[in-house]
Amino acid sequence: MSADIIEHCDGYKTLEAAIARDGEKYGDPERYNPKLGWAVARAKHYAEKTGLRATDILNSWESKRNYWYMNYYQDCQQPEIKGDDVRVFDTPDALHDSIGKTGFRCPMCESISKSPYVCDSGKEMEKGKVCDWKSYGLFGTMGKGVYVFVKSALRGESIFKPISWEKS
Ligand SMILES: [Zn+2]
C-alpha cells in the first residue's frame, strides 16, 4: 500500500523540509540530517511494537511537535518500547485501569502525588517550600518515571511512576 511508504507521509515531508531549511541556513547539514533517519527508524520500531502504522506514528509525532526537532526526537521523548518502564495501552481507559487510584511516586520528594505530572504531595522540602516537581520540567522524571503510550490516541508521555506498578 502506497500509504504505508513512510517517505510519502506528511510527517516525513515536514520533518525533511525543516531539516533542509536548517542545513541551508546554518550550513553543516551533517549535523541535522541524521535526525530524519532516527525519527523514521523509531517510528518503525513503534509500529512493530504496537501494530500501528509507522506513517501514522510519524504523522502524529510531527503534528504534535511544537519545538525544534533536534530536541523533540530523543530517546527520552520517544523511548524504545522495552522493559517495565515503557508500556503500551490500547486506550486511555486501559491505562487508567492499570494505574488504579493509588497515585504516583514523585521522583524528587518520593512521596505520593495524586497528579502524574506535578507533585502535589504537600511534602515540605525546605521551610515554607513544598515540593512541586514537574514531570515535564528540565530534568523530567530523573529516570524514575515511566513512559506510557496510548495507541488510540497515538500519543506517549513521561509520567511519575504509578504506585500500583511499584514492585515490593
Ligand atoms: Zn514531590
Side-chain angles (χ1 to χ4, degrees), residues 11 14-15 18-19 22 31-32 34-36 38-52 54 56-168:
T14 51
L15 180 57
I19 289 172
D22 285 349
R31 185 173 164 217
Y32 309 110
K35 235 9 162 189
L36 185 60
W38 190 95
V40 166
R42 194 50 56 96
K44 287 180 174 172
H45 167 77
Y46 270 65
E48 191 185 306
K49 292 287 185 179
T50 62
L52 298 168
D56 291 338
I57 290 166
L58 187 56
N59 284 340
S60 172
W61 284 345
E62 270 299 289
S63 70
K64 293 180 176 98
R65 180 166 71 80
N66 54 9
Y67 53 96
W68 198 27
Y69 57 84
M70 290 295 280
N71 298 330
Y72 183 81
Y73 290 106
Q74 292 194 62
D75 275 320
C76 61
Q77 306 280 6
Q78 298 90 10
E80 280 185 71
I81 298 174
K82 63 178 185 187
D84 284 343
D85 292 337
V86 181
R87 301 192 190 189
V88 176
F89 295 88
D90 287 336
T91 63
D93 282 349
L95 170 61
H96 294 145
D97 285 350
S98 175
I99 289 171
K101 297 192 186 311
T102 46
F104 305 86
R105 182 75 61 191
C106 171
M108 173 51 86
C109 70
E110 299 186 336
S111 298
I112 295 175
S113 170
K114 289 188 287 298
S115 162
Y117 307 111
V118 181
C119 181
D120 57 9
S121 70
K123 173 140 179 153
E124 197 170 55
M125 303 305 281
E126 51 188 276
K127 199 149 178 63
K129 173 137 181 25
V130 296
C131 182
D132 62 353
W133 193 260
K134 295 170 184 67
S135 65
Y136 48 83
L138 183 58
F139 298 105
T141 55
M142 297 192 290
K144 297 179 191 169
V146 295
Y147 185 89
V148 293
F149 185 86
V150 175
K151 287 167 64 170
S152 66
L154 285 165
R155 184 184 155 82
E157 62 185 356
S158 290
I159 61 172
F160 299 157
K161 183 176 272 191
I163 302 299
S164 58
W165 295 4
E166 290 181 336
K167 300 269 184 337
S168 57

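Atoms within each ligand, like the ligands themselves, are counted from 1 in listed order. Values reported hereafter were calculated over all heavy atoms of this structure, with side chains retained and with hydrogens, waters and symmetry mates removed. This chain uses plain numbering: 1 for the first residue, then up along the sequence. These numbers come from a predicted model, not from an experiment.
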Problem set entry | Pair listing, side chain to side chain donor-acceptor pair (under 3.5 Å) test, anchored in residues 71-82, at least two apart | Arg42-Asp75, Glu62-Tyr73, Tyr67-Gln77

Problem set entry | Heavy-atom donor-acceptor pair, Lys44 side chain to Ala54 backbone, under 3.5 Å | no

Could you list the donor-acceptor pairs under 3.5 angstrom formed between side-chain atoms of residues 126-136 and any protein atom two or more places apart in sequence or on another chain?
unit_1: Trp133; atom_1: NE1; unit_2: Gly140; atom_2: O; d: 2.8
unit_1: Lys134; atom_1: NZ; unit_2: Asp132; atom_2: O; d: 3.2
unit_1: Ser135; atom_1: OG; unit_2: Tyr117; atom_2: O; d: 3.4

Exercise. What residues form a side-chain hydrogen bond (donor to acceptor under 3.5 Å, both in side chains) with Ser113, not counting sequence neighbours?
Worked result: Asp120

Exercise. Quick one: does NZ or CZ of Lys161 land under 6.0 Å from the six-membered ring centre of Trp165, within 45 degrees of the ring axis?
Worked result: no

Seminar exercise, completed: Protein-side N, O or S atoms sitting under 2.8 Å from the Zn ion (ligand 1) are Cys106 SG, Cys109 SG, Cys119 SG, Cys131 SG

Exercise. So, Asp22 and Trp68: side-chain donor and acceptor under 3.5 Å apart, yes or no?
Worked result: yes

